[in-house]
2 protein chains.
Amino acid sequence: MKSHNITISDIAKELGITPSTVSRALSDSPRVNDKTKKKVQETAQKMGYHQNVMASMLRKGSSGSIGIIIPRINRHFFSNAISGIERIVNPAGYNLLIYQTEELYQKEVEGIQAFMKNRVAGIILSIAAETTHFEHLNNLQNKGIALVQFDRVTDLVHGPKVINDNFNGAYLAVKHLIQTGHKRIAHLTGAPHLNVYRERLRGYMQALTDHGIQPDQALVFDNSITRDGGAANIGKIMSLNADAIFCAGDYAALGAIQELKNLNIAVPEQVAVVGYANEPFSEIMTPSLTSVEQNAFEMGTRAAQALIDMIENKDNAHDHTDIIPVRLIVRQSSLVSTY
Amino acid sequence: MKSHNITISDIAKELGITPSTVSRALSDSPRVNDKTKKKVQETAQKMGYHQNVMASMLRKGSSGSIGIIIPRINRHFFSNAISGIERIVNPAGYNLLIYQTEELYQKEVEGIQAFMKNRVAGIILSIAAETTHFEHLNNLQNKGIALVQFDRVTDLVHGPKVINDNFNGAYLAVKHLIQTGHKRIAHLTGAPHLNVYRERLRGYMQALTDHGIQPDQALVFDNSITRDGGAANIGKIMSLNADAIFCAGDYAALGAIQELKNLNIAVPEQVAVVGYANEPFSEIMTPSLTSVEQNAFEMGTRAAQALIDMIENKDNAHDHTDIIPVRLIVRQSSLVSTY
DNA sequence: CCATTTAATACAAACGTTTGTATTTTTGTA
DNA sequence: TACAAAAATACAAACGTTTGTATTAAATGG
């Protein structure tokens, strides 16, 4: 039943040559004659040969896979980023190992360890919300495993990073709200220790002060990035006489809008809402949601390219941060009715 | 700089014992004394040892990874299924290789070949829309690579399958439309050679005839499963005096509803619409969309479990098809206003 | 036609485990 | 104390490649 996997030695025997020439023939080495190359490739085909990657990689020292660690795969942003990564990584001959942390520090450590055991050539990582210290990552560096950080990053770990322009995205969103006549703009955001939310908050603040509005700390709500978080804070927000809400995520914006509807508060007439991430539902909901598009696919390709460069040039040092531009997509939730 | 990866031989040398005992100690074999086990495990820890999986797997013959091939990862259904698969597969000590076909036959073949090279222990596959012949899969069987088909399956290839109850889902949806007073029910569906659409069509037909409605072939629209497909057929559908549309996917339903809105046709009052898949936006859109929930996560866990059983029992033969129940979620798009 | 370079192939070791068999050490018993 | 039985460990081969070095065959030139 179990037909033994055929090896280069089988091919060698078949042709009366030696395994090393077969190996070289298959990898198109200049050291072997074109005629034998052809013969080898043909019989390999005929005998149904498939290279044993484990043997190859054992000999060569590094695995042909790269690992990716993300909070969760069923988020539009991350699954699109994965598509981008795959687009680069597959043609380059690597394959993708995927690990979800579900935002847990413990699972992040486990993922790193699993990847070390598998001798991945490199890792693309987006840090879990729970993670606040980073020894598990420093370990990687001296193991010779390349690391690229992506979206959720920390400056406490060296190496290339690919992020989107959180500051500017927030700045654009808030500027837009101001220019459409809003003055008291609340901000729903996430865990403040994560760079993405810290930067968006900074953009929010800067846009306000640049336009002569004094920021009010009472209007900033941490850890309110979920749909429930969006809904839960509406009462407080309205009691503070806000006329707009800038949410650091579309889910919070969704929750906010639904709660506003429940309270019969008109969006955008009484309160305008802007989100972040341009989730697929943003365009579809009523009112459609103004949001910041992050270009996840592009971020994936950039991160993957940076990783491959790092692997193949063994260039562990450079600390470059690649900032992907974002784009504000204006929809109904922020257009005042006078338009 | 590049500190050489430490091996079991290093540990052995350190302790003045032999690599084989180290290996057995680390895998908790009964053949080694508890005291030495402890000593080995401690020094392994101390020296920062990480097993070289490639060497291990080369020796053991099979890799510790399982591969998954799906049309695309950024679909709610598939990314949730992956989460389910991971939930089973990681604790069992395997890791996940992921390959997207983008519905292309060629990429499906490539994926299979990449996985054969990697000597994956097994593959979970959801067939690409373009794929209509299956030699590349029959190949796997005699290579000893386990295969579980999942969602998009074909009876032309043996082995376990996990699908959702497409027939029943469609039946429930159409029955619901009939019971809410609809009589001329159109059906938007996908490529008829795919089991999922074939079965949903069958459920649609059966529900109609069971309730004394003569199916009208003119009301069935093949290859209209996209958002555009949903919108494009509305003119034709209305000219045929339909009072309801059952779509084999939520995107088609979305396109249909938006086009109906454009034409000022009231949903559900003039035309009721039901979708399939319960995409995240279905609940959010206006009107909210009645849809069939497929339980992707559960399907993933089942498929993963079936694969692991198959791998570990070497039980290649059984042809069981696991049918996961579905659930109709009734929302506004199908409730007549008289309620 | 022989010497010499170059092209083509063969040889052999190595990557880091695992595992069957052999050997040594310990334990138990008469 | 001697001896068998059991426990613990050592030895060595194997998994399928890759790759540096050695060898043989072919080509070149005087």
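Naming: A, B, ... by sequence-line order, numbering from 1 per chain. Source: prediction; values computed, not measured.
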Any side-chain N or O of B/N52 less than 4.0 Å from the OP1 or OP2 oxygen of C/dT17?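 Answer no for this pair, as no side-chain N or O of B/N52 is under 4.0 Å from OP1 or OP2.
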Is any side-chain nitrogen or oxygen of A/T36 closer than 4.0 Å to OP1 or OP2 of C/dA8?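 It does not, given that no N or O in the side chain of A/T36 lies less than 4.0 Å from OP1 or OP2 of C/dA8.
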Give the rounded distance in Å between these two atoms: [atom1] of [X] and [atom2] of [N].
X	N	atom1	atom2	result
A/N33	C/dT6	CG	P	18 Å
A/L26	D/dG16	CG	P	15 Å
A/M47	D/dG16	CE	P	13 Å

So that I can tick it off, tell me whether [Y] and [X] are bridged by a salt bridge, with the cut-off set at under 4.0 angstrom between side-chain N and carboxylate O.
X	Y	result
A/E102	B/R87	yes
B/K37	B/D28	yes
B/R302	B/E298	yes

Decide yes or no for A/F78 and A/F150: does some side-chain heavy atom of the first lie under 4.5 Å from some side-chain heavy atom of the second?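 Side chain of A/F78 against side chain of A/F150, heavy atoms only: contact under 4.5 Å found.
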Can you work out whether B/L58 or B/V32 has the more 5'-proximal nearest nucleotide on DNA chain D?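 Nearest nucleotide further toward 5': that of B/V32.
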Quick one: closest heavy-atom pair of A/M299 and A/I324, and the distance?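 Smallest heavy-atom distance, with atoms named: CG-CG1, 3.6 Å.
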Give DNA chain D the dot-bracket treatment, 5' to 3': Watson-Crick (N1-N3 with N6-O4 or O6-N4) or G-U (N1-O2, O6-N3) under 3.5 Å, [ ] crossing, | other strand. ||||||||||||||||||||||||||||||
Which part of the nucleic acid does A/S56 contact within heavy-atom distance under 4.0 Å: base, sugar-phosphate only, or nothing?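 Sugar-phosphate only.
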C/dT17, C/dC11, D/dT17: which one has an atom nearest the side-chain heavy atoms of B/T7?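 Nearest to the side-chain atoms of B/T7, counting from C-beta on, is C/dT17.
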Hey, mind stepping through B/N90 and A/Y99 against side-chain contact (heavy atoms from CB on, under 4.5 Å) and telling me if it holds? CA-CA 9 Å; B/N90 273 340; A/Y99 203 95; 3.6 Å; yes
Between A/N139 and A/I112, is the side-chain contact (heavy atoms from CB on, under 4.5 Å) condition met? List the steps. CA-CA 10 Å; A/N139 232 344; A/I112 295 282; over 6 Å; no
Before you tell me yes or no, could you show the steps for B/E103 and B/E108 under side-chain contact (heavy atoms from CB on, under 4.5 Å), namely the whole-Å CA-CA distance, both residues' side-chain angles and the distance that decides it to 0.1 Å? CA-CA 8 Å; B/E103 306 286 13; B/E108 186 171 303; over 6 Å; no
Which atom pairs link the protein and nucleotides 19-23 of chain C when you take only N or O atoms and keep those under 3.5 Å?
residue, atom, partner, partner atom, Å
C/dT19, O4', B/R59, NH2, 3.4
C/dG20, N7, B/R24, NH2, 3.0
C/dG20, O6, B/R24, NH1, 3.3
C/dG20, O6, B/R24, NH2, 3.2
C/dT21, O4, B/R31, NH1, 3.4
C/dT21, O4, B/R31, NH2, 2.3

